[in-house]
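Numbering of ligands and ligand atoms starts at 1, following listing order.
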Amino acid sequence: MAETIGTVACIGNPIADKGHGEEAYERAFDLLGREGERYGFAVMDLTGGSFEESLANARQHAELYDALVVVGGDGMIALGANAIGGSGKPLGIVAVGSGNDFARGLELPVNRIETAVEGIVGAIACGTSLDVDMGHVTGIGESASIDRYYAGMLSCGVDASINDRANHSHLPNGSLRYLAAVAVELTRLKAYGYHVRAVLADGRVDERDIVSPLLTVANSRHIGGGIEVCPYASFDDGLLDLVWLDHMPKLGELARIVPNVYNGRLLAHPLFGWRRVREVEISHIEGYPMPPMLMADGEYVGDLPVRVTAMDRALRVLVPPAVADQQLRRLDDRSSVVIRRDGRDSLTGEFVC
Ligand SMILES: Nc1ncnc2c1ncn2[C@@H]1O[C@H](COP(=O)(O)OP(=O)(O)OP(=O)(O)O)[C@@H](O)[C@H]1O
């Protein structure tokens, strides 16, 4: 990242982390302003009264700033991706939401405002960043109005219901909200009917019907405050990871997989299907229950049918110099190591041993 950063636009979310977002934003904005005086950049506030208003502000005033800093949860990362994804402008992340799954996956500070701001300022001063993939969701047919980018995960089944339930929960702690939502939604599992047409990394087409409660198109590993739905996801492979449950799990199967939700071993179980895709079209099979409204990075997106396309390293994220090079190499290695460990073929997704 060679460009000089003269102005940093900031966007907060007063309702992030159940209303603690306002205070966090004031702190982050103040710190960035002070560091700006030292390092020669100005800060401006573009927070609106809603997600849509903040996004419109970021887009309309794009010529006024050189970097955007978002303060909040995964929804604010989605805002950043939709505001500046593909533009080459970098995104700074102060993760103070409930889940913070994207920041967690990139090993950025979570709920540590001072450390996050320090990292952003270090990145600005030294010109360091990481370019990470994004997903682009576009609607097909009746859903044609959908046109959204995301950085973390597109949830298309019970994962979306869990997110929706957690958003409406009154429990005080972020991870607790997701855990409680998981517990309730697991008792109400439905098998949705998906028709999936995926273009794999080598251009081969994999087309299938999936009757399942869960289908996710992931760029990052975690969802719901640390649940590792896709331990194989890599941020910079130019591909997305399609993960699904192969069938409606029996109680015994559920009991075997639940202990693996936080330890990176979920996809080692043959109950899960997995493919790395360049693009995937997902539609609903008539005769099965309609999946819940899709959610991307915890934001409501709309209903099937949709096409999801991997955008190769389209989002530039500010990271401090010590992290930049080493981080991406480590994330890449990590992903191939766990795929090998679980005995999967990284191209076909099938178990080979
Ligand atoms: N300026 C705003 N005013 C009101 N609501 C907003 C604003 N900006 C974003 N939102 C909404 O706030 C909700 C929560 O956002 P966010 O993801 O930042 O926090 P969170 O849900 O606590 O964290 P996480 O997504 O990591 O669990 C989102 O649905 C988003 O649309």
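- Of all the atoms in ligand 1, the ones that sit under 4.0 Å from a non-hydrogen atom of Ala16 are 18 (O), 19 (O), 22 (O).
- Between Asn100 and ligand 1, a contact under 3.5 Å exists for at least one N or O pair.
- Residue Tyr300 places its OH atom among more than 12 non-hydrogen atoms of other residues, nucleotides or ligands, all under 6.0 Å distant.
- Annotation: atom 17 (O) of ligand 1 to nearest protein heavy atom, Gly75 N, 2.8 Å.
- Every heavy atom of Tyr300 sits 4.0 Å or more from the atoms of ligand 1.
- Residue contacts with ligand 1: Ile15 is placed with no nitrogen or oxygen under 3.5 Å of a nitrogen or oxygen of the ligand (distance criterion only).
- The 12-atom threshold is not exceeded at NZ of Lys190, counting heavy atoms of other residues, nucleotides or ligands nearer than 6.0 Å.
- Taking any N or O of Arg177, backbone or side chain, none lies under 3.5 Å from an N or O belonging to ligand 1.
- Counting protein heavy atoms only, atom 18 (O) of ligand 1 is closest to Gly73 N, 2.8 Å.
- Other residues, nucleotides and ligands contribute at most 12 non-hydrogen atoms within 6.0 Å of the NE2 atom of His20.
- Using a distance-only test at 3.5 Å, with no hydrogens or angles considered, no donor-acceptor pair links the side chain of Tyr194 to the main chain of Trp244.
- If you chain together hydrophobic residues whose side chains sit under 4.5 Å apart, Ile339 and Leu242 never meet in one group.
- Atoms of ligand 1 found under 4.0 Å from any heavy atom of Gly97, numbered from 1 in the order shown, are 22 (O), 23 (O).
- Checked against the 6.0 Å centroid threshold, Phe272 and Phe351 do not count as a close aromatic pair.
- Closest to atom 30 (C) of ligand 1 among all protein heavy atoms lies Glu299 OE2, 3.3 Å.
- The ligand atoms of ligand 1 that sit less than 4.0 angstrom from a heavy atom of Pro14 are 1 (N), 2 (C).
- Of the listed options Val96, Leu55, Asn13, Asp74, Asn13 places a heavy atom closest to atom 15 (O) of ligand 1.
- Interface atoms of ligand 1 facing Ser54, defined by a heavy-atom separation under 4.0 Å, are 1 (N).
- Between Tyr178 and ligand 1, at least one N/O pair is under 3.5 Å apart.
- Applying the salt bridge (charged side-chain N to carboxylate O under 4.0 Å, His left out) criterion to Asp74, with sequence neighbours excluded, gives no partner residue.
- The protein non-hydrogen atom at the shortest distance from atom 23 (O) of ligand 1 is Ser98 N, 2.9 Å.
- One distance of note links CG of Leu189 with CG of Leu245; it measures 8.0 Å at 0.5 Å rounding.
- Atom 4 (C) of ligand 1 has as its closest protein heavy atom Gly49 O, 3.6 Å.
- Looking at ligand 1, you won't find any N or O of Gly72 less than 3.5 Å from one of its N or O atoms.
- With hydrogens and angles disregarded, no donor-acceptor distance shorter than 3.5 Å links the side chain of Arg313 to the backbone of Asp133.
- Using a 4.0 angstrom heavy-atom cutoff, Gly298 does not count as in contact with ligand 1.
- Side-chain rings of Trp274 and Tyr232 approach one another, their centers coming within less than 6.0 Å.
- At a 3.5 angstrom cut-off on N or O pairs, Asp297 does not count as close to ligand 1.
- Met295 and Leu214 end up in different hydrophobic clusters when Ile, Leu, Val, Met, Phe, Trp and Tyr side chains are linked at under 4.5 Å.
- In terms of protein heavy-atom proximity, atom 1 (N) of ligand 1 is nearest to Gly48 O, 2.8 Å.
- Leu271 and Leu254 fall within a single hydrophobic cluster, where Ile, Leu, Val, Met, Phe, Trp and Tyr side chains are chained together by heavy-atom contacts under 4.5 Å.
- Less than 4.0 angstrom separates some heavy atom of Gly99 from each of these atoms of ligand 1: 23 (O), 24 (P), 26 (O), 27 (O).
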